[in-house]
Every structure is written in C-alpha cells, then in structure tokens.
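Input: a single structure, listed below in structure tokens.
Just follow the structure's listing: the first ligand is 1, and inside any ligand the first atom is 1. Keep in mind it's a predicted model, so treat the numbers as computed, not measured.
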Amino acid sequence: MVGRSQSDRNQLPLFLLRLLCLLPTGLPVRSGDFNRSTDNMTVRQGDTAILRCFVEDKSSKVAWLNRSGIIFAVDDKWSLDPRVELEKRSPFEYSLRIQKVDVSDEGPYICSVQTNQHTKTMQVYLIVQVPPKISNISADITVNEGSNVTLMCIAYGRPEPMITWRHLTPTARDFEGEEEFLEIQGITREQSGRYECKAANEVASADVKQVRVTVNYPPIITESNSNEATTGKQAILRCEASAVPAPDFEWYKDDTRSRRINSAQGLEIRNTGSRSVLMVANVTEEHYGNYTCVAANKLGITNTSLYLYKRVSPTKPMSSSERGSNVHYKFKVGPGTPIDNATSLAASLWLMANILLCLFCTC
Ligand SMILES: *[C@@H]1O[C@H](CO)[C@@H](O)[C@H](O)[C@H]1NC(C)=O
Ligand SMILES: *[C@@H]1O[C@H](CO)[C@@H](O)[C@H](O)[C@H]1NC(C)=O
Ligand SMILES: *[C@@H]1O[C@H](CO)[C@@H](O)[C@H](O)[C@H]1NC(C)=O
Ligand SMILES: *[C@@H]1O[C@H](CO)[C@@H](O)[C@H](O)[C@H]1NC(C)=O
Ligand SMILES: *[C@@H]1O[C@H](CO)[C@@H](O)[C@H](O)[C@H]1NC(C)=O
Ligand SMILES: *[C@@H]1O[C@H](CO)[C@@H](O)[C@H](O)[C@H]1NC(C)=O
Ligand SMILES: *[C@@H]1O[C@H](CO)[C@@H](O)[C@H](O)[C@H]1NC(C)=O
Ligand SMILES: *[C@@H]1O[C@H](CO)[C@@H](O)[C@H](O)[C@H]1NC(C)=O
Ligand SMILES: *[C@@H]1O[C@H](CO)[C@@H](O)[C@H](O)[C@H]1NC(C)=O
C-alpha cells in the first residue's frame, strides 16, 4: 500500500517533467535517481516554510512540483497561489518559500534538477502542524443522582490531540484513557463539580476547558441540636441539611402538621442556604417542648426532632442545697453536653460514699 503510493508519487513528477521537456523522452531513468530518502519538514500552520534546493551547475534546468502539479519551472511560476515564491539568495539556490502554510499544503514537494544527461530530484515531505483546540464541549448540566452522564469534548489539531478528563472538585481525580466522551454511570453527589477537558499535542500548549456538573439529591439532615433556655431569655434551635437544590425549611411544634411555625409571635425563622435557625425572642413556658425541622427539595423531604429544654438559672448566690440541685440538674442534661471534670469527680466521690454507707448498713 505504502509502496504503491510511493511509486505513484514518483510517476507524476516524471510524467510532468517529460511534458515540460525537462527530461528527454528517450532518456532512461536510472533507479538511483528517484530512490532518494524523503526528508520531512515540519511547519506550524500559519508559519512560512522554506523548502531548500541547491543546484551544482548554474545552467541546470530546475522545477518545483507537488502532488497537484508544477509550481515553478525554471523562473516561470505555474502556480496561481500568491503565497508561493522562489527564494534565490545565491545563483545556486532554488528554494521554495510558502507563506502562511495551511493544512492543504501538506504533502510531498519535489525539486527536480536536470543537467545534461542527469536528472536529480530532491523530495521533501511537508508536515503541517496545528495547535490543539477544543472546538466543542458539553454545556454545564444538572442531573439527578443516579443518572448516567456523558460529557463531550471535541478537539482538533495536528497531530490529533490527546484528550484527557479530570474531575477538579472535589476529588481531583484523573480519568483513564483518552476519550472525547466521558461516561459516568449512576452519578453520585460526590461526582458533582467541575470537570476539565484537556486537549494536548506536541505542537503548542494544551487547550483546556471546563464543564460543570450539578448533581441533585434529596435533603439529609446533617446537624440539629436540642437546646436549653431560661424563661425570659432568647433561645435558638439550629437545623442543617445538605441538599441540591438547596432545601426549603419548615418548623413544627410537637411533630404536628397543624402546628406549623411562622415568623410571628416572637418567633423568627432565619434560613441561609443549608441552615435554618428558629429564634425565640423571649422564652415563655409554652415555648418548651418538642420541635420538628423539616427540610425538603423537589427530590425529597426529611425531618428531625429537636427539644427546647427549660433551664433553671440560679440568680442569687448559691446555697449548698442549691449547689447540690445544680449538680443534679447537670446530670439530667442529654448526651453531648460537656460535664466539667470537677463536678464529675465530686459526683463519683459522692456515689462511692453512698455505696460504702450502704455496705456498713447491711453489716
Ligand atoms: C537506492 O536504494 C538502494 C537500496 O535501498 C541503495 O542501495 C542505494 O544506495 C540507493 N541510491 C541512492 C542514490 O540513494
Ligand atoms: C517522515 O515522517 C513519517 C511519518 O510521519 C515517518 O514515518 C518517516 O520516518 C519520517 N522520515 C524521516 C526521514 O524523518
Ligand atoms: C501544491 O502546492 C500548491 C501551492 O502552489 C498548494 O495550493 C496545493 O495545496 C499543493 N497541493 C498539495 C497536494 O500539496
Ligand atoms: C456541539 O455539539 C453539540 C452536540 O453534538 C451540537 O448540538 C452543537 O451544535 C455543537 N456546537 C458547536 C458550537 O459546534
Ligand atoms: C445507566 O446505564 C446502565 C448501563 O448501561 C443501564 O443499565 C442503566 O439502566 C442506565 N441508567 C439510566 C438511569 O439510564
Ligand atoms: C419577656 O416577656 C415577659 C412576659 O411577657 C416580659 O415581662 C419581659 O419584659 C419580656 N422580656 C423581654 C426581654 O422582652
Ligand atoms: C417526620 O417524618 C416522619 C417519618 O417520615 C413522619 O411520619 C412525620 O409526619 C414527619 N413530620 C413532619 C412534621 O413532617
Ligand atoms: C419529639 O417528637 C418525636 C416525634 O414525635 C419523638 O420521636 C421524640 O421522641 C420526641 N422527643 C422528645 C424528647 O419527646
Ligand atoms: C477533663 O477530663 C478529660 C478526660 O477525662 C481530660 O482530657 C481533660 O483534660 C479534663 N479537663 C480538665 C479541665 O481537667
């Protein structure tokens, strides 16, 4: 296949040269004349290519040809292309200059030199390189968790650019293989974020573009804390949920749908993205109790219960009995409330004393 095209490539210039009478028709063409090695010349698209050719004898008949025909025959320009001209910096030079080289200029170029009985040719294969360029990339998309997603990144360049994908946030993961299409099956919320497509070849620096993938998922409550408050003071209940799109919050008292809380009567609900805060400006007896925070988006709904406990705050200097009751109170507080070590130590000593006392009693 390659051999055939090589010989085809050789036949056309021969034929054209005969046509030009540059090559005497009867003259046998020796095999050595046309088995020159082909040199490659690499030029970047838009640059100027200078294909060098030198003659040994000033009286030689010279011509430049390419696959589509004769470009120059001696000093006559056959090509109509204004980008092409001869470069002759010495009487022996017969170089071809091509300005603003384009992809269509790629191919073999032959400098044919005929002296008396000899025809010598010099062939150069012009390779046109093009920097990588991403011509089309998927638009930003929003999908539901579990969907199959296909991201597209089309690039051109010469040589053909290598395409690689990278998940920038939050995993910073590189994907295997070079693919114009990145397929993600059953996408998870962790796989949301920005994806980067990179098209690279050795010609110039890589072209990089990004596509943002948003993965919707139903809310999950990530944080909710019961709280305690003193009558007459301010109280706060906080509820946080993770969801895409951002959740809408509602608050209820005693897990009763009919007791929806609105920002009124000294109560205020403040929502900021993934967080909702229920504020009681001035706590009264009926504010204590069980609250439900409901987080919802178009994919789902969830809720959690929070309790507003009553705190008995000592205002006067404490008597010993009050101090005792205070210790007692602290043990009633739910898990997660820090208990200071001194109190804990006091309590265990007290417990130990009681056990000893009991032991003595039974004796
Ligand atoms: C032509 O090719 C043959 C065989 O590959 C080689 O021996 C010979 O030197 C070549 N001739 C020229 C002028 O390159
Ligand atoms: C020219 O390029 C071709 C393909 O790119 C390659 O196979 C060949 O070896 C190169 N020739 C030279 C002389 O570099
Ligand atoms: C031959 O050269 C001309 C410039 O003279 C160019 O326009 C044309 O594309 C070339 N053809 C090939 C096959 O390289
Ligand atoms: C990009 O590709 C998409 C899908 O093949 C096509 O609909 C769109 O027209 C293309 N955009 C451009 C600028 O080529
Ligand atoms: C995702 O692709 C897998 C494998 O091709 C297929 O079994 C599944 O049904 C697809 N899921 C959706 C939601 O299209
Ligand atoms: C809280 O409410 C009580 C009873 O309604 C009232 O006496 C008190 O002044 C209020 N406190 C504040 C800070 O508004
Ligand atoms: C909270 O969720 C439970 C179980 O899903 C449900 O029975 C209850 O009605 C919900 N509460 C509210 C106030 O939506
Ligand atoms: C608050 O209400 C929820 C739902 O009815 C219930 O599961 C939870 O035990 C209640 N909490 C308290 C402290 O009563
Ligand atoms: C309280 O106890 C914990 C572990 O029992 C210890 O890490 C911490 O340093 C103690 N704090 C004080 C103030 O003694």
Side-chain angles (χ1 to χ4, degrees), residues 138-152 165 167 173 175-177 179-192 195 211 213-231 235-265 267-271 274-280 283-312 328-337 339:
S138 296
D140 292 353
I141 51 162
T142 300
V143 295
N144 291 347
E145 197 167 37
S147 309
N148 294 340
V149 175
T150 302
L151 301 180
M152 172 202 69
W165 284 95
H167 184 206
R173 176 192 158 195
F175 288 89
E176 304 291 316
E179 297 285 345
E180 289 183 323
F181 295 94
L182 176 66
E183 291 182 5
I184 307 166
Q185 281 186 6
I187 195 165
T188 64
R189 62 195 68 175
E190 291 78 24
Q191 289 174 308
S192 70
Y195 286 79
V211 50
V213 177
T214 306
V215 179
N216 287 339
Y217 59 92
I220 45 161
I221 307 260
T222 53
E223 205 185 325
S224 70
N225 297 113
S226 291
N227 210 344
E228 49 181 31
T230 315
T231 311
I236 278 176
L237 289 175
R238 193 174 286 134
C239 175
E240 263 187 73
S242 162
V244 176
D248 293 322
F249 289 98
E250 286 178 355
W251 289 82
Y252 295 90
K253 186 80 194 293
D254 301 324
D255 202 27
T256 311
R257 276 272 156 194
S258 60
R259 298 195 63 186
R260 166 131 189 229
I261 296 164
N262 297 307
S263 290
Q265 298 113 35
L267 293 170
E268 194 184 342
I269 297 166
R270 274 192 202 164
N271 297 328
S274 65
R275 168 181 291 192
S276 184
V277 174
L278 175 68
M279 304 209 300
V280 188
V283 174
T284 59
E285 286 295 332
E286 68 260 29
H287 287 131
Y288 298 117
N290 206 343
Y291 290 82
T292 304
C293 165
V294 178
N297 71 4
K298 62 183 178 182
L299 294 187
I301 183 163
T302 187
N303 70 49
T304 187
S305 287
L306 300 82
Y307 213 92
L308 185 62
Y309 295 97
K310 181 173 184 174
R311 173 161 53 190
V312 195
H328 185 61
Y329 166 75
K330 284 215 168 186
F331 277 100
K332 267 175 71 183
V333 170
T337 310
I339 297 166

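With hydrogens left out, the protein atom closest to atom 3 (C) of ligand 8 is S305 OG, 3.2 Å, a heavy atom. Nearest protein heavy-atom neighbour of atom 13 (C) of ligand 7: D255 OD1, 3.3 Å. Looking only at protein heavy atoms, the nearest one to atom 9 (O) of ligand 5 is N148 ND2, 4.7 Å. Atom 5 (O) of ligand 5 has Q185 NE2, 3.4 Å as its closest protein atom, hydrogens excluded (heavy atom only). Of the protein's heavy atoms, R257 NH2, 2.6 Å lies nearest to atom 14 (O) of ligand 7.
Remark: ligand 5 and S147 share no N or O pair separated by less than 3.5 Å (distance only, no angle test). For the pair N303 and ligand 7, the shortest N or O to N or O distance falls below 3.5 Å. Residue N290 has at least one nitrogen or oxygen atom sitting less than 3.5 Å from a nitrogen or oxygen atom of ligand 8, judged on distance alone.
In this structure, atom 7 (O) of ligand 5 has its sub-4.0 angstrom surroundings free of protein heavy atoms.
With N297 contributing its side chain and P245 its backbone, the two residues share a donor-acceptor pair below 3.5 Å. The backbone N or O of T304 sits nowhere less than 3.5 Å from a side-chain atom of Y291 that would complete a donor-acceptor pair. Judged by distance alone, the side chain of Y288 and the main-chain N or O of A229 form a donor-acceptor pair under 3.5 Å.
Side chains of Y217 and T188: no donor on one and acceptor on the other come within 3.5 Å. Side chains of W251 and T292: a donor-acceptor N/O pair is absent below 3.5 angstrom, by distance only.
In this structure, R259 forms no cation-pi arrangement with Y252, as its terminal cationic atom is not both closer than 6.0 Å to the ring centre and no more than 45° off the ring axis.
Tested against I141 for a side chain to side chain contact (heavy atoms under 4.5 Å, CB included), the candidates V215, L151, T214 yield a single pass: L151.
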